[in-house]
Amino acid sequence: MSHITLNIEDARSFLNEQPETLQKQVKVLHKMIHDKTGKGNDYLGWLDLPKTYDKEEYARILQAAKKIRKQSQVLVVIGIGGSYLGAKAGLEFLNVPFKKNKLEIVFAGHQMSGSYLNELVSYLQNKRFSINVISKSGTTTEPAIAFRVLKNLLEQKVGKEEAKERIYATTDKKRGALYSVSKENGYEMFVIPDDVGGRFSVLTAVGLLPLEAAGIKTKEILKGAKDAYTQFKKTNLEENEAYLYAATRYLLYTSGKKVEMLVGYEPNLLFLNEWWKQLFGESEGKDNKGLFVASAGFSTDLHSLGQYIQEGERHLFETVIKVSSTPKDVLIPREDQDLDELNYLSGKPLSYVNEQALKGTMMAHKDGGVPNMLLTIPAMDASTFGYLVYFFEKACAMSAYLIDVNPFNQPGVEAYKKNMFALLGKKGYEHILK
């Protein structure tokens, strides 16, 4: 039985055909995925990762995380894209709001704001900190600049020898600039597998080291992912929610919808949205194909985007994440005067109001011509996070193959880099501006 449930009933009436008609095609593509014969098959290492992950390296991750917590107040995670969003999504998903953790996790190298990096340097001046730099090549501009600055700061504070004990590199197994620097300086290294692309790397050291350092039970994350791995090896759409989700969003796309919004009603889901956008946006947006992926946090964004969703152009659909239970809640108190007219809710938990907002919004949006899928998760815990990550990864592979694109490359990402390098005067790019 699946850890999560997917309800597509509020989408069916908008489809030109039903997902069940794709069952044969889904079985063919499933075999292609597992036989590793499709486009981009060199990057299917994530597929069996919940079962085949490197146990020896994982033991080193646990030890390194313990060492980081002992030696530092702050861990700076340097990375961009898949080297940043997965860990950030997990931290936010499992975060207890307003709780001060023993080890603070901050991020750098995910943009090029001089103001941000300057403020971070100032903040770290009086802090004991370690660095986890994450980059396959070590030459990606944003994290490489951040690493230069923060490595120099750390060396100035504690000396080069001590800095070596506080820098952890997650990079290629045997090549690249970051690998060479780490080898030369004796940094502890963890591997980004050759056959796992950045946006599929949450369940490698890329995500596991920062999450474990933060005190999160990554064994539970891996257990949830392994449960999903087992569940989603089934090919029947009635039993495989990941494939049902992929098939439904594909049919909505071919029925004329061009935008998918991932919507949640808990603020802890906001960075899961950001990781999801990279996963599907980079995997499907090529060859002039693919849904545009967007996200929203309700009920907050109902007061900004709600009008457009309800009555704007009919080119979008929503995938709504519902959390079945929250560990803590607030009861709405009664007021003698009832000037805000809320006494009819007195004694009810706020989660009840949130759930009715979810139901009422889905009803309104469907009536307004917006298809909805409802993805229900039991709780925001480590096991569910691991399960949800694998759910979306498996769905993404199927979805991209349904529109016949390579899910695992991103050729368009290089275009802006070439122009930027030319404008910055990097050697070898002078011809671009001529």
Do Thr171 and Lys136 meet the criterion of a side-chain donor-acceptor pair at a distance under 3.5 Å?
-> no

Cationic tip of Arg249 within the cone over Phe317's six-membered ring, i.e. under 6.0 Å and within 45° of the normal?
-> no

Hey, could you give me the CD1/CZ distance between Ile4 and Phe391, rounded to the nearest 0.5 Å?
-> 4.5 Å

Distance-only side-chain donor-acceptor flag, Thr170 / Asn132, under 3.5 Å | yes

Any donor-acceptor N or O pair under 3.5 Å, side chains Ser283, Arg199 = yes

With distance as the sole criterion, is a donor-acceptor pair present between the side chains of Glu241 and Thr5 under 3.5 Å?
-> no

Any donor-acceptor N or O pair under 3.5 Å, side chains Gln278, Glu274 | no

Does Gln71 reach the side chain of Arg166, with side-chain heavy atoms less than 4.5 Å apart?
-> yes

Parallel, tilted or perpendicular for His431 and Tyr429, by the 30°/60° rule?
-> parallel

Least distance between heavy atoms, Cys396 atom then Phe200 atom | SG-CZ, 4.4 Å

Does the side chain of Ser137 come under 3.5 Å of the side chain of Tyr179 through a donor N or O and an acceptor N or O?
-> no

Between His303 and Asp301, is there a donor-acceptor pair closer than 3.5 Å when you use the side chain of the first and the backbone of the second?
-> no

Say whether Thr218 and Glu212, considering side chains only, have a donor N or O and an acceptor N or O under 3.5 Å apart.
-> yes

Is there a donor in the side chain of Ser351 and an acceptor in the side chain of Asn354, or the other way round, less than 3.5 Å apart?
-> no

Between Tyr187 and Tyr168, does the ring centroid distance fall short of 6.0 Å?
-> no

Looking at CD of Glu355 and OG of Ser324, how far apart are the two atoms once the value is rounded to the nearest 0.5 Å?
-> 8.0 Å

Donor + acceptor pair across side chains of His365, Glu318 (<3.5 Å) | yes

Lys39 side chain to Asn409 side chain, donor-acceptor N/O pair below 3.5 angstrom = no

Do the rings of Phe408 and Trp46 sit parallel, tilted or perpendicular, given the 30° and 60° boundaries?
-> tilted

Between Tyr123 and Glu104, do the side chains contain an N or O donor and an N or O acceptor separated by less than 3.5 Å?
-> yes

Any chance the side chains of Ser383 and Glu220 put a donor and an acceptor closer than 3.5 Å?
-> no

